Amino acid sequence: MVVNDQYASDLSEFTVVVISLNRQRYLQRQVDFWSSTNAHLVIIDGSLSEAQLLIPAAAQHRIRYMNIPQSIEARFLLSTNLVTTNFVAVLPDDEFFIPSAIEGFIKRLNSDLSIDAIMGRTLRFTHKAGVVLGAVQYKSFRNPVDEKERGIQGVKNFWSEDGYVVNYPIYSIMRADVYKNLFGKVFSGKYENAYSYEIKLHLVFPYLYRSIVVDTLYWLRSNENDPVSINSFDRTKRFSSWF
């Protein structure tokens with residue numbers, strides 16, 4: 001996949017963090033995509049065996065692959081120590097961010113210190129018989145009412161009346177200090193339910209920080225794979241039942 005503007009955008013202060021498990025065939029695709037930008041890329045692979053990735057010599061100073069067959073908590077906590085840029089985002093191993101959108105979000109974050117994270121609009125994609133198919137995703141995502149509120153009121157504003165979040169900052173473009181503090185807290189404990197970490201993040205984030213949604217396409221979500229499941233948690237068990 002090629003995004004036409006990836007060569008022109010300045011992403012030198014941005015890091016992509018990919019936490020992967022047993023999907024090594026997609027890791028080279030990540031390397032190929034981000035090596036044609038000047039972004040930093042950190043891949044922490046929990047697979048039992050090490051992937052053999054081809055990283056261009058010119059990009060080796062900003063692309064790092066680590067094979068760490070440990071828990072998802074350990075790998076996320078490790079990532080918080082590996083980010084050296086001012087801005088960062090988590091990205092699933094089979095998905096993409098659009099470089100020009102990231103560059104615009106970083107400019108907005110630099111100009112408005114009251115914003116901690118920005119997300120835009122999303123397309124979900126798959127491919128069939130050589131044709132890429134896409135559909136708009138998360139059309140209902142929006143900014144919370146009284147978006148500058150923090151603390152308990154900020155959390156209340158972030159959760160809608162039907163018991164779901166109004167947007168999804170886990171995959172937003174955020175400040176590095178926000179990422180390190182937030183993910184350090186979220187992955188400080190171990191849970192057997194897959195969705196516990198997302199719920200925890202969506203409680204802690206609006207308590208401490210402010211995220212906004214803008215009408216710019218930035219995230220290409222993959223429909224190529226099912227969510228990763230491992231023995232330590234069952235994705236068929238809903239959080240409400242588990243809790």
Side-chain angles (χ1 to χ4, degrees), residues 1 3-20 30 33-44 62-64 76 79-80 82-125 136-139 141-144 147-148 150 154 158 165-187 197-198 201-202 204-206 208-222:
M1 176 176 288
V3 177
N4 290 334
D5 68 349
Q6 69 191 94
Y7 306 102
S9 300
D10 180 9
L11 305 182
S12 58
E13 282 301 318
F14 176 68
T15 297
V16 184
V17 173
V18 174
I19 306 294
S20 184
Q30 290 291 340
F33 183 88
W34 294 107
S35 63
S36 60
T37 73
N38 61 350
H40 294 247
L41 172 63
V42 172
I43 300 174
I44 306 179
R62 54 184 177 80
I63 294 181
R64 184 170 186 178
F76 265 112
S79 76
T80 65
L82 299 176
V83 174
T84 60
T85 56
N86 291 328
F87 304 95
V88 60
V90 173
L91 180 66
D93 51 19
D94 54 352
E95 301 184 359
F96 300 95
F97 288 133
I98 295 177
S100 62
I102 300 169
E103 184 181 41
F105 294 175
I106 289 173
K107 289 179 180 178
R108 178 78 179 273
L109 288 164
N110 277 326
S111 65
D112 188 345
L113 298 181
S114 74
I115 302 171
D116 301 298
I118 301 178
M119 68 178 302
R121 297 302 176 183
T122 309
L123 286 180
R124 187 172 288 278
F125 75 91
V136 177
Q137 187 84 6
Y138 307 136
K139 289 188 288 186
F141 277 4
R142 59 177 175 80
N143 293 317
E147 63 183 47
K148 293 186 179 181
R150 301 278 65 82
F158 194 77
V165 292
V166 299
N167 63 61
Y168 210 56
I170 189 171
Y171 296 120
S172 63
I173 312 303
M174 64 184 75
R175 302 183 190 279
D177 58 341
V178 172
Y179 174 81
K180 292 176 182 182
N181 186 33
L182 181 68
F183 281 74
K185 286 178 167 57
V186 168
F187 290 96
Y197 305 99
E198 294 179 10
L201 186 142
H202 289 145
V204 175
F205 192 99
L208 296 174
Y209 301 117
R210 177 190 175 200
S211 63
I212 65 168
V213 179
V214 298
D215 289 325
T216 300
L217 177 64
Y218 88 116
W219 184 15
L220 305 180
R221 292 227 71 177
S222 173

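This chain uses plain numbering: 1 for the first residue, then up along the sequence. What you see is a predicted model; the values in this text were computed from it and never measured.
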Run the numbers on V214 and F105 for side chain to side chain contact (heavy atoms under 4.5 Å, CB included), then give the verdict. CA-CA 9 Å; V214 298; F105 294 175; 3.3 Å; yes
Test side chain to side chain contact (heavy atoms under 4.5 Å, CB included) applied to I102 and F87, step by step: CA-CA 10 Å; I102 300 169; F87 304 95; over 6 Å; no
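- One distance of note links CD1 of I98 with CG of L220; it measures 4.5 Å at 0.5 Å rounding.
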Stepwise side chain to side chain contact (heavy atoms under 4.5 Å, CB included) check, Y171 with M119: CA-CA 7 Å; Y171 296 120; M119 68 178 302; over 6 Å; no
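- Of all the heavy atoms in V166 and P144, the pair that sits closest is CG2-CG, 3.9 Å.
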Where do R175 and Y209 land on the side chain to side chain donor-acceptor pair (under 3.5 Å) test, with the steps shown first? CA-CA 10 Å; R175 302 183 190 279; Y209 301 117; over 6 Å; no
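- We find the CG-CG distance between L182 and D177 to be 11.0 Å, quoted to the nearest 0.5 Å.
- Listed by first and then second residue, the side chain to side chain donor-acceptor pair (under 3.5 Å) pairs involving residues 103-114 are D112-S114, S114-R210 (not counting sequence neighbours).
- Residues I212 and S172 form no side-chain contact, since every pair of their non-hydrogen atoms from C-beta on lies 4.5 Å or further apart.
- Residues Q30 and L91 form a side-chain contact, since some pair of their non-hydrogen atoms from C-beta on lies under 4.5 Å apart.
- Looking at residues two or more places apart in sequence or on another chain, you find no salt bridge (charged side-chain N to carboxylate O under 4.0 Å, His left out) involving E13.
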Show, in sequence, the C-alpha distance, side-chain angles and deciding distance for T37 and S9, and conclude whether the side chain to side chain contact (heavy atoms under 4.5 Å, CB included) test is met. CA-CA 7 Å; T37 73; S9 300; over 6 Å; no
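- Considering only heavy atoms from C-beta on, Y168 comes within 4.5 Å of I170 through its side chain.
- Atom CG in L109 sits 8.5 Å away from atom CD1 in I173 (nearest 0.5 Å).
- Counting heavy atoms from C-beta outward, R121 and V136 have side chains that stay 4.5 Å or more apart.
- Between F97 and W219, the angle of the ring planes lies from 30° to 60°, which puts this pair in the tilted group.
- Using cut-offs of 30° and 60° for the angle between ring planes, the F187 and F183 rings count as parallel.
- Paired with Y179 under the rule side chain to side chain contact (heavy atoms under 4.5 Å, CB included), one option of V83, T15, D116 passes, and it is V83.
- The heavy-atom pair separating D94 from F125 by the smallest distance is O-CZ, 3.7 Å.
- The structure places OH of Y218 at 12.0 Å from CG of L123, a figure rounded to the nearest 0.5 Å.
- With values rounded to the nearest 0.5 angstrom, K180 atom NZ is found 10.0 Å from S79 atom OG.
- At a cut-off of 3.5 Å, with distance as the only test, a side-chain donor of D10 or N38 sits close to an acceptor on the other residue.
- One finds the CD1 atom of I43 at 10.0 Å from the CD1 atom of I19 (value rounded to the nearest 0.5 Å).
- Under a 3.5 Å cut-off, the side chain of R150 and the backbone N or O of P206 do form a donor-acceptor pair.
- Considering only heavy atoms from C-beta on, W34 comes within 4.5 Å of L11 through its side chain.
- Judged purely by atom type and a 3.5 angstrom limit, R62 uses its side chain to pair as donor or acceptor with the backbone of A39.
- For the pair V88/M174, a side-chain contact is recorded, criterion being any heavy-atom separation below 4.5 Å from C-beta on.
- Taking 4.5 Å as the limit, every side-chain heavy atom of S211 sits out of range of all side-chain heavy atoms of E147.
- Side-chain contact check for F76 versus Y197: every heavy-atom pair is 4.5 Å or farther apart.
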